[in-house]
Amino acid sequence: MTDSSPRSSAPADETAATKQGIKIVGFLCNWCSYGGADTAGVCRFKQPTDLRVVRIPCTGRMDPLFIAKSLIYGVDGVLVSGCHPRDCHYAVGNFYARRRMEAFKAFLPFMGIDTQRFKYTWVSASEGQQWQKVVTEFSEQIHRLGPNPGVRLRSGDNSKVSSGLR
Amino acid sequence: MLENDRNQLHKLVEEALPELDMMIGWAESCDPLQTTPVFIRDAKSISKLTLGPFCSQNLAGYLVKPPALDAPPKPDAKPIGICVKGCDSRSLVALIQEKFITRDRVRIFGIPCRGTVDFRKVAQRVPLANVKSATMEGDSLVIDDSGTPLRLDLEEVLARKCLGCRYPNPVIQDVVIGQEAKPRSSSLAATYRDVAAMDAKPLEERLAFWQSELDRCIRCYACRNACPLCVCQDRCIVETREPRWLTQRVGIPEKFLFHFIHAMHLAGRCTGCGECERVCPMDIPVTLIKEKLNKIMEEMLGYSAGLDPEAVPPLLTFNPGETEI
Amino acid sequence: MKRVAYYKGCSLEGLAAEYDRSTRMVCEAFGIELVEIPDWNCCGSTPAHSYDPLLSAALAGRNLAIAADNGCDMVMSPCPGCLKSLKGAQETCEDPAQRKAFVDLVGRDVDGLKTVSLLQLLYEEVGPQALQKAVRRPLTGHVLVPYYGCLLTRPAEKAKFDDPENPISMDRLIEATGATVPRDFPYKTECCGATYGVTRNDFVGKLSGRILDMSQGLGAEAIVVACPLCQQNLDMRQDQINKYSKSAFHLPVPYISQVIGLALGIEPKVLGLDKLCVPADILLEDRSGEDGQARQPGGVAAG
Amino acid sequence: MRIGVFVCNCGTNIAGTVDTAKVASEALAFADVVYATNYMYTCSEPGQQEIQRAIGEYGLQGVVVAACSPRMHEPTFRRAVEKAGLNKYMFEMANIREHVSWIGNDREANTRKAVDLVRMAVGKLRFNQPLFSSKMPVNKRLLVIGGGVAGIQAALDCADGGVDVVMVERKQYIGGKMAQLDKTFPTIDCSSCILGPKMVDVSQKENITLYAASEIESISGYIGNFTVEIRKKTTYVNWDACTGCGACMEKCPAKKAEDYFNEGLGTARAINIPFPQAIPKKAVIDAQFCRQLNGKKCGVCAKICPVKAIDFEMKDTIVTEKVGAIIAATGYDLFDHSVYGEYGAGRLPDVITGIQYERILSASGPYGGHIRRPSDGKEPTEIVFISCVGSRDQSVGRPYCSGVCCMYIAKQAILTRDHLPESNSYVFYMDIRAPGKNYDEFVRRAQEEYGVQYIRGRVGKIYQRGDRMVVQGADTLLGVQVEVEADLVVLATGVESSSGAGELAEKLRISYDQYGFYMESHPKLRPVETNTAGVYLAGACQGPKDIPSSVAQGSAAASKVQSLFAHDMIETNPQVALVNERNCIACGKCIQVCPFGAIQWKELRGGIKKAEVLPSVCQGCGVCNATCPPKAVQLQHATDNQILAEVNELCA
């Protein structure tokens with residue numbers, strides 16, 4: 001079910017990103033999840049085409065700020081996937097990642113960014129079927145949410161909202 | 001009561017000064033509602049030292065700003081005396097945890113704190129220009145504005161961070177000046193009341209709130225420079241071109257990303273001292289952002305920063321067993 | 001005073017009336033209050049679920065719902081067929097895909113109910129020790145063979161009772177009555193021919209014949225069952241089997257509730273012992289003197 | 001920057017659902033791209049030459065190949081660009097096969113995605129830096145874990161090649177499962193005739209150090225420089241003194257000890273040498289059964305031992321060995337058939353496993369080679385073999401085929417007819433799997449020459465009738481139910497991963513599948529290597545296989561190790577972290593989080609400290625880069641700029 005129809009009429013000042021359909025960036029660890037995605041490919045497990053994979057050596061390499069930058073600058077969804085805990089090629093990379101991702105996932109909605117646009121999971125190199133399931137479900141979830149509005153102000157809407165904290 | 005605390009401080013500093021490299025404290029300033037940090041090296045200026053609700057600066061930051069960082073203390077260097085309120089002392093503990101300073105590098109004068117005044121709240125009740133003097137009488141603040149003296153209840157003009165304060169008494173000190181203070185809140189919920197209020201709002205409203213607040217941010221980096229734990233200073237990634245995280249383009253995404261960077265770099269480290277919000281020239285509640293991460297750290301990992309000098313900040317370590325998060 | 005909802009089922013109203021009567025007597029003897037489900041309906045057995053599984057689930061579900069409304073947390077059905085339908089209804093209710101349709105039809109959910117067979121109820125709630133203490137007329141000297149049939153302990157993940165391949169619960173209960181059980185009766189859970197008795201009578205001849213032969217080979221005087229259909233094939237069709245396999249079996253096939261009833265000293269007539277096709281008078285002989293010898297599994301293959 | 005983009009058709013694998021020409025033309029429009037083309041088979045020889053030609057002709061400074069997964073051909077293309085004089089790290093791949101063409105048929109969407117992936121690869125390439133690997137000395141010693149036939153073969157090959165080998169075997173003897181076999185298929189030559197000499201070679205070669213009855217305690221380090229701690233389990237016998245004379249075994253009063261070697265068929269003495277040809281031929285006391293060690297007074301063995309080798313106070317000791325490469329050859333275990341209620345759940349004494357039957361057939365077995373029934377010792381006349389017990393069965397979590405059972409059933413059936421000419425053998429099977437050379441002919445011989453009755457169908461139930469057993473099954477070819485009265489039933493239990501395989505994998509930091517078999521780097525391209533450099537696999541630990549394949553893999557792994565040790569130095573992986581000292585604020589967070597202790601302090605003038613990465617120790621995980629607040633430490637070839645560039649291409 002690929003949604004390649006152009007986005008709903010986005011406000012004028014939206015950049016070119018919006019006319020290309022839904023874009024999901026996937027940070028995949030080279031040893032397990034990238035291998036799992038390859039296995040899914042080799043087994044011809046059909047998947048939606050919204051995911052664009054960035055290969056990183058380990059989820060330990062994942063700085064939550066990569067996710068922040070992606071979601072703030074208009075990527076519609078961010079998927080981070082690595083080796084199952086205890087299976088990490090570098091032994092502890094995914095342990096570090098687990099805390100940082102979980103903290104960041106809880107922090108996102110506070111700033112007004114929908115946390116459903118970010119998902120992290122563990123998929124090993126032999127789990128092609130599981131990878132297909134993860135990608136399909138996450139793509140559908142992002143399609144339901146629609147394009148990421150980002151954090152730009154609608155042009156001309158500079159009304160002051162009182163912080164109500166004084 | 002404030003008077004003899006001040007005298008006790010002067011006496012103690014007088015005794016300790018010969019052994020100290022310098023004494024960092026607060027002194028009165030041109031603005032009656034605020035004090036100014038002071039670095040005392042000789043006995044005659046000890047008398048400048050003052051205490052009270054106007055001593056709002058967190059002096060711990062001066063121990064690690066770049067000059068100090070670049071040249072590590074010589075082995076025989078004399079310790080530095082420093083006055084710390086409850087929240088300031090937690091910053092000291094955090095600095096010790098992250099090995100920016102060693103415990104024997106500082107002689108800590110612990111000051112139990114009854115809350116600091118937020119001059120903006122006073123400004124809402126009386127034009128700042130007219131304020132000639134301000135003194136404490138019991139629990140109220142007496143403002144002389146060349147008219148009839150105005151008596152304000154301290155609670156009304158307290159800084160936001162003080163309303164939910166759990167640690168008014170220093171968590172680490174060599175000597176304590178004055179009686180213990182009673183914490184204003186003992187529960188997680190009370191301390192993070194504002195965070196909970198924000199969490200209760202719907203997503204769109206929160207986004208709108210931060211869009212309008214951060215729209216006013218001029219990226220002057222005062223909050224970063226005032227933060228005792230933000231030690232990168234001129235090497236901060238929001239300013240450097242290598243690596244290229246953030247451009248100098250003036251836009252809400254850039255401002256959002258700056259505050260994300262500051263918040264995530266303090267995740268699991270920030271002690272909620274409120275300096276960033278106090279110094280923000282645009283009145284943006286930036287501490288609220290860090291408080292949310294502090295709440296997450298307490299709820300998710302049961303960790304609150306700056307209490308145990310031996311503890312390791314949670315995002316710098318891991319626990320294989322925690323499968324539930 | 002354990003309160004258990006009692007789902008009788010259609011066969012216990014007709015052909016297996018003695019199973020119903022003996023069940024009531026035994027439960028009463030052990031202080032188990034059987035609350036017959038008021039206005040119970042068909043359990044949605046084969047004719048229903050071969051046509052529409054949801055209809056079958058709803059039929060059984062209605063019975064469970066009434067039991068739950070009557071404040072019972074356990075439902076007992078002596079007939080394994082009914083028990084299978086009741087458990088099927090619970091499963092349909094728990095299945096997220098069909099839950100809504102089920103609750104709409106039945107009117108409420110049936111989570112939290114425990115559905116058990118009579119055998120499971122007697123074994124778990126009463127237990128061999130309590131039974132042994134309550135025995136008045138021990139059946140010492142009698143050799144009885146326990147026949148479980150295919151549904152009582154299977155499928156394992158749904159029945160969650162005893163060992164699917166080698167159950168021992170009925171063995172222990174029979175031993176508690178004083179009777180002797182042969183060391184290893186391999187056909188405990190082998191098929192008796194079930195409903196093929198109607199269409200392919202030769203199947204029952206071969207399958208039930210094999211069970212009768214093995215029992216006789218082990219020196220058993222009777223085969224104890226806990227399922228109306230097995231009882232029907234082994235008891236009512238015993239002469240058909242004799243014709244088919246040119247054998248001369250004469251083995252009574254009492255229900256476990258009847259055997260326990262006898263041991264408790266309840267009158268045979270009250271237990272409906274007379275309703276069995278092959279008369280079970282042999283069980284009434286008092287052999288408290290000698291100890292029954294079960295011969296080793298051997299003997300010649302039937303037919 | 002001058003970048004060349006090469007879009008591969010990969011025959012129809014990519015071109016089938018991606019418009020490669022359009023991808024190439026759109027790529028040409030990207031900034032810095034000066035040459036873009038699509039090619040039929042870029043990884044082929046002409047394809048690589050096309051890249052090399054373009055590098056020269058267009059003066060390319062970077063190359064992007066849009067084709068298959070970099071896990072597959074990144075090394076191939078890196079060598080190609082390097083030959084053309086371009087630093088091999090000025091190269092990026094866009095995976096438009098496994099991640100695009102093979103997972104969707106929407107040509108338009110696939111093409112758009114392929115263009116995006118190429119744009120991301122070009123974006124990253126703009127920030128690539130030439131990287132140069134440094135050299136590091138190799139410790140030319142090999143550690144072989146597991147003393148089965150695969151491990152022995154690997155150890156002997158390497159030892160012949162002049163490599164120092166350390167072999168660690170968990171059991172007190174080497175030879176693994178093969179030592180328990182009587183004969184081997186398809187040639188029915190005796191197992192100890194093949195294995196015996198090899199085992200002796202292992203004990204006699206000077207450059208092989210054997211640690212039997214020992215386990216791996218911990219492994220640290222990296223390729224070329226592993227440090228291994230070995231736990232030498234206590235045997236309560238001083239092996240240096242013990243001559244293996246066996247006097248203690250005769251006199252030991254504890255006669256009911258478990259005989260693991262004979263799979264529990266016979267009993268053994270508490271102090272025991274499992275079989276006559278055991279290497280090392282040393283006694284071991286089984287603490288579970290020894291009276292002395294269980295508080296009773298005994299010590300008979302200590303009294304009569306001519307060389308006083310018995311030591312009841314002996315404790316485990318830890319030995320440390322430094323090696324350059326590791327071969328895991330930990331073999332397999334057999335499925336525990338007691339989960340099958342239908343086969344008697346282990347209650348029937350005459351329902352035995354294939355390995356037990358092998359011990360019965362073996363002359364050094366509990367019955368001296370005479371086939372007798374474990375229950376009453378009688379000679380069986382009717383013997384039934386049941387295949388696929390714990391193999392090809394999803395319900396017990398063993399959906400895979402164990403590959404060797406059909407063959408060893410045929411072998412055992414033939415041997416049965418040799419031992420007992422009048423006996424009848426039946427085999428219940430689903431499909432006969434006999435793929436090797438002379439394998440199917442071997443099974444055919446069993447059927448035709450040795451009259452083994454093959455019944456195609458599963459067995460539904462086995463039960464005792466008198467002193468024999470009735471095997472109830474189906475014959476799907478005749479379409480009838482079958483009953484066989486048998487004296488002995490042999491279950492061909494399937495192969496599963498050896499117990500403890502998972503823990504060892506975590507120590508070796510290699511991955512394993514859900515059944516516990518170790519994951520090879522690539523089934524076809526790198527079958528005996530793992531994803532962890534310096535760790536190789538051999539034998540059934542990687543998956544069920546027969547002896548010929550295990551031996552072949554033993555030699556294969558040995559050749560990989562020898563090619564590694566052929567050079568005195570090995571190139572380090574340049575994709576390691578690097579500290580930009582100007583930005584480093586000496587906060588020490590990188591040192592704190594580095595899992596490998598690869599970062600240390602560096603003193604500058606005036607006592608100023610900065611962090612410094614040791615390239616030989618750094619594994620390139622990037623945790624330091626993610627943790628460093630001022631981003632002073634950057635993981636080369638995966639720097640912030642490179643990752644941000646890929647992300648920016650998606651937001652642009």
Side-chain angles (χ1 to χ4, degrees), chain A residues 2 4 15-17 20-21 23-25 27 30-32 34-35 37-58 60-66 69-70 72-75 83 86-93 96-97 100 124-127 132 135 150, chain D residues 68-72 93 95 97-106 108-110 112-117 119-120 124 502 505-506 509-514 519 531-532 575 593 595-596 619-628 631 635 637-638 640 642-644 646-652:
Chain A
T2 57
S4 57
T15 57
Q20 285 283 340
K23 291 235 174 90
I24 301 171
V25 62
F27 295 99
N30 171 48
W31 302 100
C32 285
Y34 196 94
D38 282 357
T39 309
V42 166
C43 304
R44 310 300 197 275
F45 292 138
K46 296 289 174 271
Q47 292 160 44
T49 61
D50 316 295
L51 180 69
R52 311 292 191 251
V53 171
V54 173
R55 186 161 66 120
I56 51 177
C58 176
R61 174 71 184 86
M62 233 1 248
D63 186 339
L65 295 174
F66 286 131
K69 177 149 193 180
S70 306
I72 287 170
Y73 282 88
V75 173
C83 300
R86 286 193 210 292
D87 281 358
C88 172
H89 178 67
Y90 304 102
V92 295
Y96 283 112
R100 294 169 184 180
S124 80
S126 58
E127 292 175 312
Q132 173 192 34
V135 171
Chain D
C68 55
S69 164
R71 283 165 57 92
M72 195 136 156
M93 279 190 86
N95 187 342
R97 188 179 72 172
E98 281 87 347
H99 292 181
V100 179
S101 67
W102 275 353
I103 60 168
N105 302 326
D106 179 339
E108 197 271 335
N110 279 0
R112 206 154 31 72
K113 177 170 182 179
V115 169
D116 271 357
L117 291 180
R119 189 163 1 96
M120 285 163 70
K124 180 184 180 195
E506 268 146 33
R509 276 206 224 103
I510 57 176
S511 44
Y512 50 94
D513 64 16
Q514 73 257 42
M519 289 270 291
N531 284 333
T532 311
Q575 296 177 38
V593 296
F596 306 98
Q619 295 292 296
C621 67
V623 171
C624 56
N625 193 155
T627 310
C628 175
K631 299 300 173 195
L635 172 61
H637 209 60
D640 287 349
Q642 287 172 318
I643 295 174
L644 287 170
E646 295 199 60
V647 170
N648 292 344
E649 291 299 335
L650 281 182
C651 312

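These numbers come from the heavy atoms of this one structure, side chains and all, not from hydrogens, waters or symmetry mates. Every chain is numbered from 1, with letters handed out A, B, ... down the list of sequences. Fair warning: this is a prediction, and the values are worked out from it, not measured in the lab.
Within the 4.5 angstrom heavy-atom criterion, only side-chain atoms of D/Glu506, from C-beta onward, approach chain A. For D/Met519, the part sitting under 4.5 Å from any heavy atom of chain A is the side chain, from C-beta outward, and nothing else. Only the side chain of A/Tyr96 comes within contact range of chain D, with heavy atoms under 4.5 Å apart. Only the side chain of A/Phe27 comes within less than 4.5 Å of a heavy atom in chain D; its backbone stays farther off.
Annotation: the span from D/Gln514 atom CD to A/Glu127 atom CD amounts to 7.5 Å, rounded to 0.5 Å. Taking CG from A/Asp50 and CG from D/Asp116, the interatomic distance works out to 11.0 Å, rounded to the nearest 0.5 Å. Atom-to-atom distance recorded for D/Arg71:CZ and A/Trp31:CH2 is 8.0 Å, nearest 0.5 angstrom. With rounding to the nearest 0.5 angstrom, the NZ atom of A/Lys46 is 5.0 Å from the CG atom of D/Asn105. Atom CG in D/Leu650 sits 10.5 Å away from atom CD1 in A/Ile24 (nearest 0.5 Å). To the nearest 0.5 Å, the span separating CD1 on D/Ile643 from NZ on A/Lys69 amounts to 12.5 Å.
Counting all heavy atoms, side chain and backbone alike, D/Val647 lies closest to A/Ser70 at CG1-OG, 3.3 Å. Across every non-hydrogen atom of D/Met120 and A/Val53, the tightest pair is CE-O, 3.7 Å. A/Leu51 and D/Lys113 get closest at one heavy-atom pair: O-CE, 2.7 Å. Counting all heavy atoms, side chain and backbone alike, A/Thr49 lies closest to D/Ala109 at OG1-CB, 3.6 Å. Across D/Cys621 and A/Pro57, no two heavy atoms sit closer than the pair O-CG, 3.9 Å. In terms of heavy-atom proximity, D/Ala626 sits nearest to A/Asp63 at O-OD2, 3.5 Å.
Contact tally against chain A (heavy-atom pairs below 4.5 Å) for D/Gly104, D/Cys68, D/Pro70, D/Ala505: the top residue is D/Pro70. Residue with the most contacts toward chain A among D/Asn95, D/Ile510, D/Val623, D/Leu644: D/Val623 (heavy-atom pairs, distance under 4.5 Å). For the options A/Arg86, A/Arg55, A/Arg44, heavy-atom pairs under 4.5 Å to chain D are most numerous at A/Arg44. Residue with the most contacts toward chain D among A/Val25, A/Asn30, A/Val75, A/Ile56: A/Asn30 (heavy-atom pairs, distance under 4.5 Å). When the candidates A/Val92, A/Asp38, A/Asp87 are compared by the number of heavy-atom contacts under 4.5 Å with chain D, A/Asp38 comes out ahead. Of the residues considered (A/His89, A/Met62, A/Gln132), A/His89 shows the highest number of contacts with chain D, using heavy-atom pairs under 4.5 Å. Counting heavy-atom pairs under 4.5 Å between each of D/Thr532, D/Val100, D/Leu117, D/Val593 and chain A puts D/Val593 at the top.
Side-chain contact annotation: D/Asp513 with A/Ser126, donor-acceptor N/O pair under 3.5 Å absent. Side-chain contact, A/Arg100 with D/Thr627: a donor N or O sits under 3.5 Å from an acceptor N or O.
Salt-bridge formation is detected for the pair D/Asp640/A/Arg61: a Lys NZ or Arg NE/NH1/NH2 atom is positioned less than 4.0 Å from an Asp or Glu carboxylate oxygen.
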Could you go step by step and tell me if A/Cys43 and D/Trp102 meet the side-chain contact (heavy atoms from CB on, under 4.5 Å) rule? CA-CA 8 Å; A/Cys43 304; D/Trp102 275 353; over 6 Å; no
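For the pair D/Phe596/A/Tyr90, a side-chain contact is recorded, criterion being any heavy-atom separation below 4.5 Å from C-beta on.
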